[in-house]
Amino acid sequence: MIKLQGHQKIQVLLFVLLGIMGVVFLAAQKKQSNQNANKYLSVLFIGNSYTQPLPPIIQLIARNNGTLINYRSITPGGWTLKKHSQSKVTLEAIREKRWDYIVLQEQSQLPSFAEEQRRKEIYPYADKLVKEIRKASAKPLLFLTWGRKHGDIHNIPDDTRSEMQARLLEGYQNMAKLTSSKIIPVGIAWESVISTKDSDIDLYTHDGSHPNHNGIYLSAAVFVSHLLDSSQLISADLNGLPKETTEFLIRQTNTLEFKLESI
């Protein structure tokens, strides 16, 4: 039996200790790597000018809540799901990589039209796109947009925002049933903020249709809440918006109860 000297015993103990520390360090690295992997999402946004300004703010808020989002947007102004379903660019984007989520947004008025018109102009194309999305192993999300500030007065002279919102909701719910997809209820959040007592926050640009900075931030927050499955978001600072505004919009998002799962 070999007898070790005192200094040799110390060296052996050091080697053993270093070995244990190395194993612990590697395990910790692996755990951290797995955690980071769980905090990374890739999202493809398919829509038009309503969707166009949202992804950078979605990315900002998500990053402030511990998740990195890589995204691509295909959002030509005024485009419908029919146009996207016939677009080589859109279809190739769906297939180009393994997206976690792919968002579909219909033209802002179409889902509020009569059901007969929806059946002709929306549902077949939503169905085609969702089938392509599932074939690409991604999850489809339907972006429920907001009613216009004064409703769709070009088509219904005595329309109101809330009446238009109710029709939009019906259209998107029917689309969700047809495609077994999840709805991101942005329009419901808009209704909640607008109807909040003592709230004077305007969400629209001068055209009464598109979102201003407040509307963009609120819409992005609702997306992040659903992408992260969290009702405990913290606000992210955004140039041009007061901190009290971003915090109010995040609070409204966190208390939003309308969360539709897949039907």
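These numbers come from the heavy atoms of this one structure, side chains and all, not from hydrogens, waters or symmetry mates.
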Residues D100 and K139 bridged, charged N to O under 4.0 Å: no

When you look at N48 and Q52, which way does the side chain to side chain contact (heavy atoms under 4.5 Å, CB included) test go after all the steps? CA-CA 6 Å; N48 50 57; Q52 190 274 329; over 6 Å; no

Quick check: are there more than 12 heavy atoms from other residues, nucleotides or ligands sitting under 6.0 Å from NZ of K120? no

Evaluate K135 against R95 for side chain to side chain contact (heavy atoms under 4.5 Å, CB included), listing each step before the verdict. CA-CA 9 Å; K135 200 184 298 182; R95 303 165 187 150; over 6 Å; no

Report, as yes or no, whether the 6.0 Å neighbourhood of atom NZ on K149 holds more than 12 heavy atoms from other residues, nucleotides or ligands. yes

Report yes or no: does T245 contribute a side-chain atom to a donor-acceptor pair with the main-chain N or O of L241 at less than 3.5 Å? no

When hydrophobic residues are tied together by side-chain contacts of less than 4.5 Å, even through go-betweens, does W79 share a cluster with Y50? no

F143 and F223 aromatic ring geometry - parallel, tilted or perpendicular at 30°/60° bounds: perpendicular

Residue that, paired with F113, satisfies side chain to side chain contact (heavy atoms under 4.5 Å, CB included) out of D152, I122, I156: D152

Check this for me: does any side-chain nitrogen of one of E132 and K128 sit under 4.0 Å from a carboxylate oxygen of the other? no

Flag for S42-R98: side-chain donor and acceptor within less than 3.5 Å: no

Charged N-O contact under 4.0 Å between E170 and R167: no

Would H210 and S49 count as a side-chain hydrogen bond (donor to acceptor under 3.5 Å, both in side chains) here? Give the steps. CA-CA 8 Å; H210 290 83; S49 58; 2.7 Å; yes

Working to the nearest 0.5 Å, report the span between CG of L142 and CD1 of I102. 12.0 Å

Does any N or O in the side chain of S219 come within less than 3.5 Å of the main-chain N or O of G215, such that one atom is a donor and the other an acceptor? yes

Using only heavy-atom distances, determine whether the side chains of S209 and D207 contain a donor-acceptor pair under 3.5 Å. no

Please check this pair: side chain of N254 against backbone of L233, looking for a donor-acceptor N/O pair closer than 3.5 Å. yes

Applying side chain to side chain contact (heavy atoms under 4.5 Å, CB included) to H84 and Y125, what does each step give before you reach the verdict? CA-CA 8 Å; H84 279 295; Y125 311 107; over 6 Å; no

Using 30° and 60° as the class boundaries, would you call the ring planes of F45 and Y71 parallel, tilted or perpendicular? perpendicular

With a 3.5 Å cut-off and no angle check, do the side chains of Y172 and Q105 form a donor-acceptor pair? no

If we ignore hydrogens and angles and just use 3.5 Å, is the side chain of T179 paired with the main-chain N or O of M175 as donor and acceptor? yes

Please report the interatomic distance OG(S231) to CD1(I250), rounded to the nearest 0.5 Å. 12.0 Å

If only side-chain N and O atoms count, and only distance matters, is there a donor-acceptor pair under 3.5 Å linking Q252 with T196? yes

Crowding at CD, E116 (>12 non-hydrogen neighbours, <6.0 Å): no

Going by distance alone, is a donor N or O of one side chain under 3.5 Å from an acceptor N or O of the other, for Q109 and Q107? yes

Passes side chain to side chain contact (heavy atoms under 4.5 Å, CB included), W99 versus I133? Steps please. CA-CA 9 Å; W99 300 101; I133 289 167; over 6 Å; no

Given V186, I188, V193, the one that forms side chain to side chain contact (heavy atoms under 4.5 Å, CB included) with W190: V186

